[in-house]
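Step one of this worksheet: look at the structure below.
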Protein chains: 2
Amino acid sequence: MPCAISTGTAPSPSDDMMTATMLDSADVDLAPEESRSEPLRGSASLHDGLLAALRDYIVEGNLADGARVPERLLCEKFGISRTPLREALKVLAAEGLIDLLPNRGARVRSLSSEDLRELFDVMGGLEALAGRLACERISDEEVAQIEQVHHDMYRFYIRRDMHGYFQCNQAIHRMIVEAAGNATLSATYANFAGRIRRVRYSANLDKERDRWGEAMREHEAILDALRRRAGSELSDIMFQHLRNKRKAAQHIGEAQALEGDASR
Amino acid sequence: MPCAISTGTAPSPSDDMMTATMLDSADVDLAPEESRSEPLRGSASLHDGLLAALRDYIVEGNLADGARVPERLLCEKFGISRTPLREALKVLAAEGLIDLLPNRGARVRSLSSEDLRELFDVMGGLEALAGRLACERISDEEVAQIEQVHHDMYRFYIRRDMHGYFQCNQAIHRMIVEAAGNATLSATYANFAGRIRRVRYSANLDKERDRWGEAMREHEAILDALRRRAGSELSDIMFQHLRNKRKAAQHIGEAQALEGDASR
DNA sequence: CGCGATCTTTTTGCATTCATTCTGTGGATT
DNA sequence: AATCCACAGAATGAATGCAAAAAGATCGCG
């Protein structure tokens, strides 16, 4: 019943990826230092501003997994009263970023491995759709642009530059989604991407050298299908690509889980 | 001073005196008949109850397309104050059911033909995914159940029973989505289905005899692929099936638009 | 008679207040 | 000593209050 929302929600500045920045949670660090001097940056209609700010705040990992969302503190941090904050929380709950327990507040939603499995598959489905639609309408110029980024990505791959590789990778996927020319799809995609972004599977990708090479080959296939405008084929490839990504992520996730158990 | 709020003390402002004065403005036909005696049916946590109730209220078409969502009247109808109602509105806006214009309230989101195109394609993508996933895990029993409904549907088709046919059709699609075994997908699917449900394209399907027969054949193909657990193939079929549905809907939509123009 | 400015009424957005529920601590009982 | 209960403090959920914006009405003017 927690209806998975999908669109209408602002994509939010997805860009900088998930790696690095994640200071390890726990201490919530609601710094008085950065007291959000600006009246909630930009955006239309204040509420949207707050919503986006809060979403980023959570997606960027400022709150630990499963941690309670401190209503009071956030009010102070953003300089607003509880009413608009709670409205934003309801929306984030509907988006699936947090859980809202009756009478005991909001907690950052922690994704079980089952949740991850589901999310990856849905992402796969959305990307498969994006690929199919993109083949119907993408221009040669757009394909060329994607090829460009693909080559950049290849260079990063050769140099074993994880960060650069990852940026390009994200960019390519985003470009394909955009090329689909379907705003509803883009919004839905952004939502799920945000949900999954909290998970730090990527940082360890370089431990999975095999997977990395495999991923490169898959991207070659993606480009090839895109060039030929082979929608149905690309659809399959995209889904499989995400499936493989999922497997790698699960693998890493399990390893981390073991690690965690060991250190405990 | 029609508004009871102005009094400083305002002891339980229940009722009727104020309703009288607002009749003129209304026109919205918030039926006095069904005055929502129940304390918001079922569900946990009141808020969810209200949310579901409001969603149904809108999805079922009680408010005209593009109509303003009358905050005060709804508050009375559901017997709650504005705070929880507004929270629900934010969520519905995030779901894409209504638009929230800054400082000028909520309106029922009217779907442009472009929106419909996008929605149908996304639904197609989700159903394609559902079919693919279903093939991975569906049991023979589940396939048999779907076959059962399929045969029922066929009978309705032969008898030209639109209503029964439509019911079975919906049921089959829902069963496939469920068979995918992905709760996230189910929730997302339900969300989009709700959005699209406001459009009543189906009623005129019987005018499109060709499409009806074609749809039956497509369903045969769906079943066939499902039996063979041919995921990738089923994925294609599902997407195409929705594409064709979209075309039929657009066709009808245009016809209705013309009709509307003519009568004007 | 039409058009626009100004004033009133209504609506919206947010803050504040109030009632209820939860949480955590201390004490009494077994 | 451990368990259970009671109570104080804090939080959550919802209602009310208030300032500002929009919609509507009234009136003056061309």
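Residue numbers begin at 1 in each chain, while the letters A, B, ... track the order of the sequences.
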Cut-off 3.5 Å, no hydrogens considered: what does the side-chain donor-acceptor table look like for residues 85-92 of chain A, sequence neighbours left out?
unit_1: A:Arg86; atom_1: NH1; unit_2: B:Glu87; atom_2: OE2; d: 3.1
unit_1: A:Glu87; atom_1: OE2; unit_2: B:Arg86; atom_2: NH1; d: 3.1

field: Partner set under side-chain hydrogen bond (donor to acceptor under 3.5 Å, both in side chains) for B:Glu127, not counting sequence neighbours
entry: B:His173, B:Tyr189
- prompt: How long is the line joining CD1 of A:Ile80 and P of C:dT16, in whole Å?
  reply: 12 Å
Protein-nucleic acid N or O pairs under 3.5 Å, nucleotides 6-8 of chain C:
none

query: With nearest nucleotides of DNA chain C determined for B:Gly105 and A:Pro84 from heavy-atom distances, which residue corresponds to the more 5′ nucleotide?
result: B:Gly105
message: For a quick check under 3.5 Å, do B:Ser186 and B:Glu178 share a side-chain donor-acceptor pair by atom type?
response: yes
query: Looking at residues at least two apart in the chain, or sitting in another chain, which of them share a side-chain hydrogen bond (donor to acceptor under 3.5 Å, both in side chains) with B:Arg117?
result: B:Glu114
field: d(CZ, A:Arg72; C1', C:dT17) in whole Å
entry: 13 Å
statement: Separation of D:dA11 atom P from A:Leu100 atom CG, nearest Å, is 17 Å
- prompt: Can you name the side-chain hydrogen bond (donor to acceptor under 3.5 Å, both in side chains) partners of B:Asp99, sequence neighbours left out?
  reply: none
task: Determine yes or no for a side-chain-to-main-chain donor-acceptor pair under 3.5 angstrom, with B:Glu118 supplying the side chain and A:Asn182 the backbone.
output: no
message: Quick check on C:dC14: is either OP1 or OP2 less than 4.0 Å from any side-chain nitrogen or oxygen of A:Thr83?
response: no
- prompt: So does B:Arg86 get a side-chain nitrogen or oxygen closer than 4.0 Å to the phosphate oxygens (OP1/OP2) of C:dG13?
  reply: yes
message: When you measure from the side chain of A:Arg197 to the backbone of A:Gly61, do you find a donor-acceptor pair of N or O atoms at a distance under 3.5 Å?
response: no
- request: Using atom CG of A:Leu85 as one end and atom P of C:dT16 as the other, report the distance to the nearest whole Å.
  value: 14 Å
statement: To the nearest angstrom, the CZ-C1' distance between B:Phe78 and D:dA15 comes to 18 Å
task: Take the protein atom CD of B:Glu71 and the nucleotide atom P of D:dA21, then report the distance between them rounded to whole Å.
output: 18 Å
- prompt: Does any donor atom in the side chain of B:Ser112 or B:Asp115 lie under 3.5 Å from an acceptor atom in the other side chain?
  reply: yes
field: Protein-nucleotide distance (A:Glu76, atom CD; C:dA15, atom P), rounded to Å
entry: 13 Å
task: With DNA chain D as reference, determine whether B:Glu87 or B:Arg82 sits nearer its 5' end, using the nearest nucleotide of each.
output: B:Glu87
- prompt: How is A:Leu101 classified with respect to the nucleic acid when contacts are heavy atoms under 4.0 Å: base, sugar-phosphate, or nothing?
  reply: sugar-phosphate
statement: Once base and sugar-phosphate atoms are separated, protein heavy atoms under 4.0 Å mark nucleotides 19-24 of chain C, 5' to 3', with B, S and - as --SSS-
query: Does CZ in B:Arg243 sit with more than 12 non-hydrogen atoms of other residues, nucleotides or ligands closer than 6.0 Å?
result: yes
